Protein chains: 2
Amino acid sequence: MITHAMEDYLKTVYLLQEGQKKVSTSAIAQQMDVSAASVTGMIRKLAAMGLLNYASYHGVELTEGGKKIAQEIIRHHRLLELYLVEIMGFTWDKVHDEADKLEHVISEEFEERMSEALGHPTTDPHGHAIPAKDGALQEVAYETLTKVDAGSSATVQHVNDNDPEMLRYLDQLGILPSTVIQVVSKEPFNGPLRLRIDQTEHFVSREVAGNVFVAAPGKEAN
Amino acid sequence: MITHAMEDYLKTVYLLQEGQKKVSTSAIAQQMDVSAASVTGMIRKLAAMGLLNYASYHGVELTEGGKKIAQEIIRHHRLLELYLVEIMGFTWDKVHDEADKLEHVISEEFEERMSEALGHPTTDPHGHAIPAKDGALQEVAYETLTKVDAGSSATVQHVNDNDPEMLRYLDQLGILPSTVIQVVSKEPFNGPLRLRIDQTEHFVSREVAGNVFVAAPGKEAN
DNA sequence: AATTATATTTAGGTACTCCTAAATTTTTAA
DNA sequence: TTAAAAATTTAGGAGTACCTAAATATAATT
């Protein structure tokens, strides 16, 4: 039997795995806010179930079976976030925590009816791709706003969704998926960035800018 | 900390308590499909938390605190059932199981937005009263269809919601809350009842009729 | 009132998920 | 290449919720 906790581990590994192949025990522990010892224990169980490959001391990698479960949970999460915003009228800073609880308990029919009500969407309120029912998540190459050169413009692809206060701040600045931002200045070194958003200039800390992801140079938001 | 399992016990005791004051260990065990030993263990914990009063070997009774939590869960459950039917398009036989999972994880905001979308309803799809946000559940006196005299008519108040197959059967017969049913004949003894529903006569087993609750004589559905 | 039947509790155990502290392995750096 | 630092695993333990089997209390019956 697959438990809610197991689903959470698979989801976390899947999201950390993007880009890299192997994911370390400590990366999982940090992301989930549990001890490394707890991660080792759960990893061994998931490996025994054939949901990930595990070489002691050398990290994990999801199997196809593990990926499938992770994608289902991520699909639930992102459909829920969009449903909560579009149909139920939640603000985008509240939906992550609600979806984190609901994603493990909704039925396939609930998932299907949400998808239908939303017209089978492909992106959640924070700009993350919603995996298809069967399928894979086609991720694009991203970089954070801090990497954009002074003078250049970039289009927001997605923002981190796990910090409600951060989301309220970004909303206030007008930073949403598909917003176009010009980096006016990156001076002084490691100081706040000077950004032009919708005709207005703002100073934004590098920490905040690190939560905003834009299309890599030469690529555009779709 | 109050867990999902504790919420389930409190809900069960609350619903079994209607009418009687004390609820027995075995009644809870049967209703929840767990062993009597498990019930004793949980009861002791809930009593220690002040959520119910417990005299060893003599059953339990919810305290005001326990009642409040039970009512909140029942409000969640019944609002969810109605939301799933009215807004999401579920059939009434599917919503009980879905609501049983969701009722423990939705936030107060989720509850409030459902209630608003539904126009602050007072009855769920099976005819059960939805407790008010603060408050109590004003239950009416009910009796099952099997108790209605031959020749008399009665208005359906509510039906048991925990058996999907039964609900599909009742739906097919046209037995819903507010349906008027005439009991044509109760012969032979302990055999099926002969009912007139919307101009048509049907034979319905006493077991099925035991799942249909009607207003007590002299009372009417509201 | 004594005996039988039923209901309930206690005892002992399993599975899940988490923890801290100690031991071990791997990586980094002198 | 060896010693120190960092990461990971193992060992031992806690809390939750369930189980079966045995003991005990209550209720029913003769």
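Chain A is the first sequence line, chain B the second, and so forth, proteins listed ahead of strands; every chain is numbered from 1. Side-chain atoms are counted along with the backbone in the values below, which use heavy atoms only and exclude waters and symmetry mates. Since this is a predicted model, take the numbers as computed values, not measurements.
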Chemist: Side-chain contact, heavy-atom cut-off 4.5 Å: A:V23 with A:L52?
Modeler: no

Chemist: Does a sphere of radius 6.0 Å around NZ in B:K147 hold more than 12 heavy atoms from other residues, nucleotides or ligands, not counting ones at 6.0 Å or beyond?
Modeler: no

Chemist: Without decimals, in angstroms, what is the distance between A:I2 CD1 and C:dA15 P?
Modeler: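 Those two atoms, CD1 and P, are 18 Å apart.
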
Chemist: In whole angstroms, how far is the P atom of D:dT8 from the CD atom of A:Q30?
Modeler: 11 Å

Chemist: So, using ring-ring contact (aromatic ring centres under 6.0 Å, His included) as the criterion, who are the partners of B:H120 when residues are at least two apart?
Modeler: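 Partners of B:H120 under the ring-ring contact (aromatic ring centres under 6.0 Å, His included) test: none.
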
Chemist: Less than 3.5 Å apart, any donor N or O on the side chain of A:H77 or A:E81 sitting next to an acceptor on the other?
Modeler: yes

Chemist: Looking at A:N162, is its backbone amide N or carbonyl O close enough to the side chain of A:N160 to form a donor-acceptor pair, meaning the two atoms are under 3.5 Å apart?
Modeler: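 Absent.
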
Chemist: Does B:S26 have a side-chain nitrogen or oxygen under 4.0 Å from the phosphate oxygens OP1 or OP2 of C:dT8?
Modeler: yes

Chemist: Of the residues in residues 3-12 of chain A, which ones touch DNA chain C at a heavy-atom distance under 4.0 Å?
Modeler: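 A:T3, A:A5, A:M6, A:Y9, in order of number.
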
Chemist: Starting at CZ of A:R44 and ending at C1' of D:dT10, how long is that distance when rounded to a whole Å?
Modeler: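 Going from CZ in A:R44 over to C1' in D:dT10 covers 9 Å.
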
Chemist: So if I take every side-chain heavy atom of B:S24 and compare against D:dT9, D:dC18, C:dT8, which nucleotide ends up nearest?
Modeler: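 Taking heavy atoms from C-beta onward, the closest nucleotide is C:dT8.
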
Chemist: Closest to the A:A36 side chain: D:dT9, D:dC18, C:dT20?
Modeler: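 Out of D:dT9, D:dC18, C:dT20, the nucleotide with an atom closest to A:A36's side chain is D:dT9.
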
Chemist: To the nearest angstrom, how far is B:K45 atom NZ from C:dT9 atom C1'?
Modeler: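 After rounding, the reported distance stands at 16 Å.
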
Chemist: For atom NZ of B:K68, is the number of surrounding heavy atoms from other residues, nucleotides or ligands below 6.0 Å larger than 12?
Modeler: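 At most 12 heavy atoms, drawn from other residues, nucleotides or ligands, come within 6.0 Å of this atom.
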
Chemist: From CG of B:D33 over to C1' of D:dC19, roughly how many Å is that when rounded to an integer?
Modeler: 13 Å

Chemist: At under 4.0 Å between heavy atoms, which parts of nucleotides 21-26 of chain C does protein reach? Answer with one letter per nucleotide, 5' to 3': B base, S sugar-phosphate only, - none.
Modeler: ---BSS

Chemist: Heavy atoms only, 4.0 Å cut-off, all strands: where does B:T25 land among base, sugar-phosphate and nothing?
Modeler: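 B:T25: backbone/sugar contact only, no base atoms under 4.0 Å.
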
Chemist: Just how far, in rounded Å, is C1' of D:dC18 from CD1 of B:I28?
Modeler: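 After rounding, the reported distance stands at 16 Å.
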
Chemist: Which is more 5' along DNA chain C, the nucleotide nearest A:M1 or the one nearest A:V34? Just name the residue.
Modeler: A:M1

Chemist: Kindly assign one of parallel, tilted or perpendicular to the pair A:F213 and A:H158, based on the angle between their ring planes and the thresholds 30° and 60°.
Modeler: parallel

Chemist: Are the side chains of A:L80 and A:E103 in touch, meaning some heavy atoms are under 4.5 Å apart?
Modeler: yes

Chemist: Closer than 4.0 Å, any side-chain N/O of A:S38 to the OP1 or OP2 of C:dC18?
Modeler: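 Looking at the OP1 and OP2 atoms of C:dC18, neither is under 4.0 Å from any side-chain N or O of A:S38.
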
Chemist: Below 30° counts as parallel, above 60° as perpendicular, anything between as tilted: where do the rings of A:H4 and A:H104 land?
Modeler: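 Rings of A:H4 and A:H104: parallel, as their planes differ by under 30°.
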
Chemist: Measure NZ/B:K22 against C1'/C:dA7 and give the value in whole Å, please.
Modeler: 15 Å

